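Small disclaimer: the values here were computed from a predicted structure and weren't measured. Along the sequence shown, residues carry numbers from 1.
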Amino acid sequence: MTIHVLVDFATHLSGRTRLQAHTALDSTTSSDLTMRRLWEASELSAADFAEEVARFYELRRLTLPELIAATPLTGRFSPRFLREMALFPYQAADGKHRLALADPSDDAAIRAAEIVLGPGVACDVASFEDIATVLSERLTGKEPASEGVAETAAAGAADDIESLRDLASGAPVVRAVSDLLEKAVELRASDIHIEPMRTGVTVRMRVDGLLRIVPSPTGVLPQALISRIKILSGLNIAERRLPQDGAARLKLARSEIDIRVATMPTQHGESAVLRLLPRDRGLLDITKLGFLAADEKRVSRLLDLPHGMIVVTGPTGSGKTTSLATMLSILNQPLRKILTIEDPVEYEIAGLNQSQVKPSIGLTFATAMRAFVRQDPDVIMVGEIRDAETASIAVHAALTGHLVLTTLHTETAAAAVPRLLDLGVEGFLLRSVLRAVIAQRLVRNLCDRCKKKHMLSRADLDADPRHATLGFRPGEIICEPVGCERCGGSGYRGRQGVFEVLELNDAIRATMSAHADAVAIDKAARDAGMTTMIEDAIAKCRAGTTSAAEVLRVTTVR
């Protein structure tokens, strides 16, 4: 009888959807024909298909909020049975037992449910996706099992994980994650933050260094969203109590992106941060990094040195990796062997031997550096000096005739010296190998399409003391953000670096004692002609590429 009902239902549909349903009927054997197969063959969404089913069978249509609000009776059934049959048993407000289902033509499933709930159970229609969502919430929650359920705790946990895996592989969750990634690529976001809260899930994306709230996926449970991300990045979806790190490589539209995933248990569930690394982005030319003309010549001269150490400093997200990758692309010639150890490998450069740290198997920066010096390299790049052992090996590699490029987390270029001394590097060794320290930050560029010029007046300086702090005078012309469709209303699009290049000379080396003072080193460098980051940023503000507010956001007056 079911096959005839499905044929009648297919005829009930209209237009192109009817043609698709009949095509599915003609290409499917009667034993394989189900309502789900008809839905998958059509172009209707799950909600629209459920509306057609409810209209054909003249049954009440339940939405996802109504299903979630209902009192479940799932504890009386096997979770696998409910998922496979797409059934959600619940107790109505009048105390009667009812059955929400996606396929009213499945008489066998209804009869099996009546054995548990009693004969004459009233049925309602819900979409396949909504039933899968509410079952995931109920079956993975802490709802106590009813009497007569003969399942062990281990079996229940297995069903729990299997339910999450099934839900995470379902169309709504897959589509939600894909939409988030596509939105991030469209906004040029570097990170996606998925954060469960008491009332739902918050999604934020970091665009040009600042977080921006974006609409959260609707009708998708937070744990299903996180589980999908875990599956993509090869993480254990059963582990929800400990942080995990993973990686994935996906193809979106016409581009490929590498994704670094980090999960963290929080009060209301697991949060996840996805770092997006487009694989097809071209390496920046040194002229496009944002160096002032004098600093650019200084850096080019430093890269011609046969050995020594060059350190790039700045906080996380300040563009250090991009600067190093650009330097490596300049050094990348057939006559040089270049080895890198990174965490993670963000830029893949042909001709370089690039490695990624794997602490779980003992491959750290320090162990890689020990192996590097036996590989006869000309240039070594260490992603970051994190400990005394790595610092010591890097210094000795520079002493033995290698050019070593690395990074540190310090506020200024001068502060790198006491930091290295604090890591146990001897002062006399540091004076011998350190060639330069480059400190940097990233400032947002004003949108070329909507920025406006403004001549400063005395009233402007009195109203906004930031201009006077930066040394602006009445009559000077600066540019200010406005906001348009191209820049998403922010007034900024893209970023550029602001730098200070501390090249060591005899006066600076004389200050590098065991108790070196960053202030004294900074003064000696400025006396030698070093342009500070704040001075670099002010020059870019006067050139009309950034704003005064942006300069003070990322740099410090000193």
Nearest heavy-atom neighbours spanning [X] and [Y]:
X	Y	result
Arg486	Asp448	NH1-N, 4.3 Å
Ile131	Leu67	N-CD1, 4.3 Å
Ala272	Ile226	CB-CD1, 3.7 Å
Gly362	Thr367	O-OG1, 3.1 Å
Ile341	Gln356	CD1-C, 3.9 Å
Leu117	Pro89	CD1-CB, 4.0 Å

May I ask you to test the [X]-[Y] pair for a side-chain heavy-atom distance under 4.5 Å?
X	Y	answer
Leu405	Val312	no
Asp179	Pro217	no
Val203	Ile192	yes
Thr364	Val357	no
Leu180	Leu274	no
Pro104	Phe56	no
Leu210	Arg553	yes
Arg493	Arg188	yes

- Check against side chain to side chain donor-acceptor pair (under 3.5 Å), Thr322 and Tyr347: CA-CA 8 Å; Thr322 300; Tyr347 288 88; 2.9 Å; yes
Give, for atom [atom1] of [X] and atom [atom2] of [Y], the distance between the pair rounded to the nearest 0.5 Å.
X	Y	atom1	atom2	value
Leu225	Ser216	CG	OG	9.0 Å
Cys484	Arg449	SG	CZ	6.0 Å
Lys452	Cys447	NZ	SG	14.0 Å
Thr313	Gln440	OG1	CD	8.0 Å
Ile231	Asn236	CD1	CG	11.0 Å
Asp124	Tyr90	CG	OH	3.5 Å

Taking the side chain from [X] and the backbone from [Y], do they hold a donor-acceptor pair closer than 3.5 Å?
X	Y	value
Lys320	Pro315	yes
Ser233	Ile259	no
Ser127	Ala50	no

- Partner of Asp343 under salt bridge (charged side-chain N to carboxylate O under 4.0 Å, His left out), chosen from Lys358, Arg386, Arg275: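 Result for salt bridge (charged side-chain N to carboxylate O under 4.0 Å, His left out) with Asp343: Arg386.
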Cationic N near anionic O, under 4.0 Å, [X] to [Y]:
X	Y	value
Arg111	Glu114	no
Arg444	Glu550	yes
Glu348	Arg249	yes
Lys230	Glu239	no

- Task: Go through the steps for Leu187 and Val214 under the test side-chain contact (heavy atoms from CB on, under 4.5 Å), then give the verdict.
- Result: CA-CA 10 Å; Leu187 292 175; Val214 299; 4.2 Å; yes
- Item | Steps toward side chain to side chain donor-acceptor pair (under 3.5 Å) verdict (Asn332, Ser329) | CA-CA 5 Å; Asn332 187 20; Ser329 68; over 6 Å; no
Please list, one pair per line, the donor and acceptor atoms closer than 3.5 Å that link side chains of residues 260-268 to other protein atoms, with sequence neighbours excluded.
from, atom 1, to, atom 2, distance (Å)
Thr263, OG1, Gln244, N, 3.2
Thr266, OG1, Gly269, O, 2.4

- Message: Is it the case that atom CD1 in Ile361 sees more than 12 heavy atoms from other parts of the structure closer than 6.0 Å?
- Response: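 More than 12 within 6.0 Å, yes.
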- Task: Take Leu101 and Phe88, measure what side-chain contact (heavy atoms from CB on, under 4.5 Å) needs, and give me the verdict at the end.
- Result: CA-CA 6 Å; Leu101 72 172; Phe88 179 66; over 6 Å; no
